[in-house]
Amino acid sequence: MKLGTRGRYAVMAMAELAMRTGGASEAEPVTLAEIAARQDISQSYLEQLFGRLRRAGLVRSARGPGGGYRLARPAAELTIADIVLAVDENLRATRCPPGSGKGCMRDERRCVTHDLWEELGTHIRDFLDAVSLEDVCARRLPGMSGRLSGGGRGLMEQAAE
């Protein structure tokens, strides 16, 4: 399983948006140019991602002067899985067609390691479902046991500097 740039950049951009708005859905909109500059991501690529995020109901757009994007819901209510799936990233760890019952072997059997990769994919999906955008911004990740970079300050505090 490989998480591609779409998923990684979408999470980076959404974290930047959450930090710039304090995680609130009613904050002032943030332009894609600002997000692109701060995260070093192409603005045209962000436009594609934010179109998908908007269609998935994760962000809202505001047009005109002072326009941009804001979260559609508070950061605490948005999971990383929501974001990754909204930009059509594949969270499967198998190469078998999803839901078809066919395996990846030439004769359509499942390989001996199928259940291993299927279970790994389930764990990845469950992990990303358990982590909110707010958790990422506050560096509150399951399994981190309090090991934080940045001197223990969350991203919201660091962004405010």
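Model, not experiment: these values are computed from the prediction.
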Legend entry - Contact summary for Arg73 and Gly57, nearest pair of heavy atoms: NH1-O, 3.8 Å
Legend entry - Distance in Å, Asp129 CG paired with Thr122 OG1, rounded so as to fall on 0.5 Å steps: 11.0 Å
Inset, instruction - Return each pair, listed once, that meets ring-ring contact (aromatic ring centres under 6.0 Å, His included) where at least one residue sits in residues 68-88; pairs must be two or more places apart or across chains. - result: Phe50-Tyr69
Inset, instruction - Please name all residues satisfying side chain to side chain donor-acceptor pair (under 3.5 Å) with Asp115, sequence neighbours left out, ordered by chain then number. - result: none
Inset, instruction - Measure across Leu133 and Ile83 and return the closest heavy-atom pair with its distance rounded to 0.1 Å. - result: CD1-CD1, 4.1 Å
Legend entry - Shortest non-hydrogen separation from Leu46 to Leu32 and the atoms involved: CD1-O, 3.8 Å
Legend entry - Any residue meeting salt bridge (Lys or Arg N to Asp or Glu O under 4.0 Å) with Arg109, in chain and number order, not counting sequence neighbours: Asp107
Inset, instruction - State, to 0.1 Å, how close Asp135 and Ala130 come at their nearest heavy-atom pair, and which atoms those are. - result: OD2-O, 3.8 Å
Legend entry - Heavy atoms from other residues, nucleotides or ligands near CG of Asp40 exceed 12 (cutoff 6.0 Å): no
Inset, instruction - Would you indicate whether the side-chain heavy atoms of Arg20 and Ile35 approach each other to under 4.5 Å? - result: no
Inset, instruction - State the CD-CG distance between Glu134 and Leu71, to the nearest 0.5 angstrom. - result: 11.0 Å
Legend entry - Those residues that, when tested against Glu28, pass salt bridge (Lys or Arg N to Asp or Glu O under 4.0 Å) (two or more places apart): none
Legend entry - Least distance between heavy atoms, Ser132 atom then Ala76 atom: CB-O, 3.6 Å
Legend entry - Side-chain touch Val30/Thr21, heavy atoms, less than 4.5 angstrom: yes
Legend entry - Side-chain H-bond candidate by donor/acceptor type, Glu34 with Thr31, under 3.5 Å: yes
Inset, instruction - Using side chain to side chain donor-acceptor pair (under 3.5 Å) as the criterion, list what pairs up with Glu47, not counting sequence neighbours. - result: none
Legend entry - Asp82 side chain to Thr79 backbone, donor-acceptor under 3.5 Å: yes
With a cut-off of 3.5 Å and sequence neighbours excluded, list every side-chain donor-acceptor pair involving residues 5-16.
| unit_1 | atom_1 | unit_2 | atom_2 | d |
| --- | --- | --- | --- | --- |
| Thr5 | OG1 | Tyr45 | OH | 3.1 |
| Arg6 | NE | Val87 | O | 3.0 |
| Arg6 | NH2 | Asp88 | O | 3.2 |
| Glu16 | OE1 | Gln39 | NE2 | 2.7 |
| Glu16 | OE2 | Arg38 | NE | 2.6 |

Inset, instruction - List the steps, then state whether side chain to side chain contact (heavy atoms under 4.5 Å, CB included) holds for Leu85 with Arg125. - result: CA-CA 10 Å; Leu85 293 172; Arg125 173 65 189 261; 3.2 Å; yes
